[in-house]
Number of protein chains: 2
Amino acid sequence: MTGPRGTGLDAMGVRRRVDGGTELLAESTGWLLNGVARAVTAELEQALRRDDLRWREYGVLGTLEATGALSQQEIGRRLGVDRSTMVHLIDVLEDRGLVARSRDRADRRAYSIELTAAGRELLAEVLHPVTAEVHERVIGRLTSEDRATLNRILAELAGTE
Amino acid sequence: MTGPRGTGLDAMGVRRRVDGGTELLAESTGWLLNGVARAVTAELEQALRRDDLRWREYGVLGTLEATGALSQQEIGRRLGVDRSTMVHLIDVLEDRGLVARSRDRADRRAYSIELTAAGRELLAEVLHPVTAEVHERVIGRLTSEDRATLNRILAELAGTE
DNA sequence: TATTGTTATACTCTATAACTATA
DNA sequence: TATAGTTATAGAGTATAACAATA
């Protein structure tokens, strides 16, 4: 299944019939993107269940690992989650000892949310490996070149949102 | 922002530090995929709001257009939606005259859901153009080669799920 | 006995608005 | 006056389980 490489796609990223009629939603980039993302998320959610963790919670931990301490609201901003929704999310992670709340010294209204040693360890020992395993299952069938290309293109799209 | 092209990514699609530690969720394929898909879906949902239609409803119409008549359950299977959830979804589209229910002659427990002329017209005149416009906004900044490549890779992943 | 569509129901997720403490 | 976090609450979306008609 190699299909036409770079041909048959118009400027919109939607394949059109030669007769000028309608094209297939199922082949549009957005549709495919959504389907693949949903598949990956579902598998990841399934895999993380072993550690009683949700995809979203993993997102919080991974964000903190990448950026260092952040306020609840800032984490929510990056994840597309409302600050009211963040409260319970952080509660759960704090109860499990994976993150810690401390008052931001510069602005004492805000918390400074940080990874604990346990949180850092869980990421390194369990979560990243599990994610890698899921990635391997889902995108492992691509050539390594395609994997790198996919990653580059997605990063480009995500970066200029 | 060109970054390393095809380098720095291990077999898992996760960038690793030279020191061997795991790295950056934010650069993993699954994370990027999820973020980009969410952005596209949000924009699409926003655009479809003009026609008082949801992304999911567009999915039903687009699926029927691609495949012809299907049972409610079969549509749900393709969309990852439970049959109980399909009931209301089809109700809405039927009320708007975009699809029609008729009993499947071969199996009279099932409905045969079909696009109406109005449904077909809405797809061609409004929905597909609107989708194309959103695609253009979101992935329009990619080179046409990258767009085609992205589409090909996603189709490959979606096809072998 | 199994399956399609249906309904009632319960559960999850989320945001809105009002509150508090800080700024 | 504005903002971070909190709380209560209400809405959307979803699945589960039981039921009718049909297989």
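All heavy atoms count here, side chains included; hydrogens, waters and symmetry mates do not. A, B, ... follow the sequence lines: proteins, then strands. Residue 1 opens every chain.
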Item to check | Length of the line joining A:D104:CG and D:dA4:C1', which is rounded to integer Å | outcome: 10 Å
Item to check | Distance, rounded to the nearest Å, where A:R108 contributes CZ and C:dA21 contributes C1' | outcome: 10 Å
Next on the checklist: Rounding to an integer number of Å, can you tell me how far B:M86 CE sits from C:dT6 C1'?
Outcome noted: 13 Å
Item to check | Polar pair under 3.5 Å, donor/acceptor by atom type, side chain A:S84, base C:dT16 | outcome: yes
Checklist entry - If you take all heavy atoms of B:R147 and B:E136, which pair is closest and at what distance? => result NH1-OE1, 4.0 Å
Checklist entry - What pair of heavy atoms forms the shortest contact from B:L32 to A:A158, and how long is it? => result CD2-CB, 3.9 Å
Checklist outcome for this item: From the candidates C:dC13, D:dG5, C:dT4, the one with an atom nearest any side-chain atom of B:A110 is C:dT4
Checklist entry - Do you know the tightest heavy-atom contact between B:T41 and B:W55? => result CG2-CD1, 3.8 Å
Item to check | B:D91 CG - C:dG5 P separation (whole Å) | outcome: 12 Å
Item to check | ILVMFWY network linking A:V60 to A:V92, side-chain heavy atoms under 4.5 angstrom | outcome: no
Item to check | B:E57 side chain near B:L89 side chain, heavy-atom distance below 4.5 Å | outcome: yes
Checklist outcome for this item: Looking only at C:dA23, D:dT14, D:dA4, the nucleotide nearest the B:T85 side chain is D:dT14
Checklist entry - Counting only side-chain N and O atoms of A:R101, is one of them less than 4.0 Å from OP1 or OP2 of D:dA4? => result no
Checklist outcome for this item: Contact check, residues 67-82 of chain A vs DNA chain D, heavy-atom distance under 4.0 Å, returns A:S71, A:Q72, A:Q73
Item to check | Nearest-nucleotide pick for A:D107, side chain only, options being C:dA23, C:dT16, C:dG5 | outcome: C:dA23
Item to check | Nearest-Å distance for atom pair NE2/P, residues B:H88 and D:dA12 | outcome: 10 Å
Checklist outcome for this item: In whole angstroms, the gap separating P of C:dT4 from CD1 of B:I90 amounts to 15 Å
Checklist entry - Can you hop from B:V87 to B:L98 via hydrophobic side chains spaced under 4.5 Å? => result no
Next on the checklist: I need the OH-C1' distance between B:Y111 and C:dT3, as an integer number of Å.
Outcome noted: 15 Å
Item to check | Proximal nucleotide (of C:dT12, D:dA21, D:dA4) relative to the B:R109 side chain | outcome: D:dA21
Next on the checklist: Once you apply a heavy-atom cut-off of 4.0 Å, does A:R103 come out as touching a base, just sugar-phosphate, or nothing?
Outcome noted: nothing
Next on the checklist: Can you tell whether the side chains of A:E45 and A:R49 come within less than 4.0 Å, N to carboxylate O?
Outcome noted: no
Checklist entry - Can you check the A:R83 CZ to D:dT6 C1' distance for me, whole Å? => result 9 Å
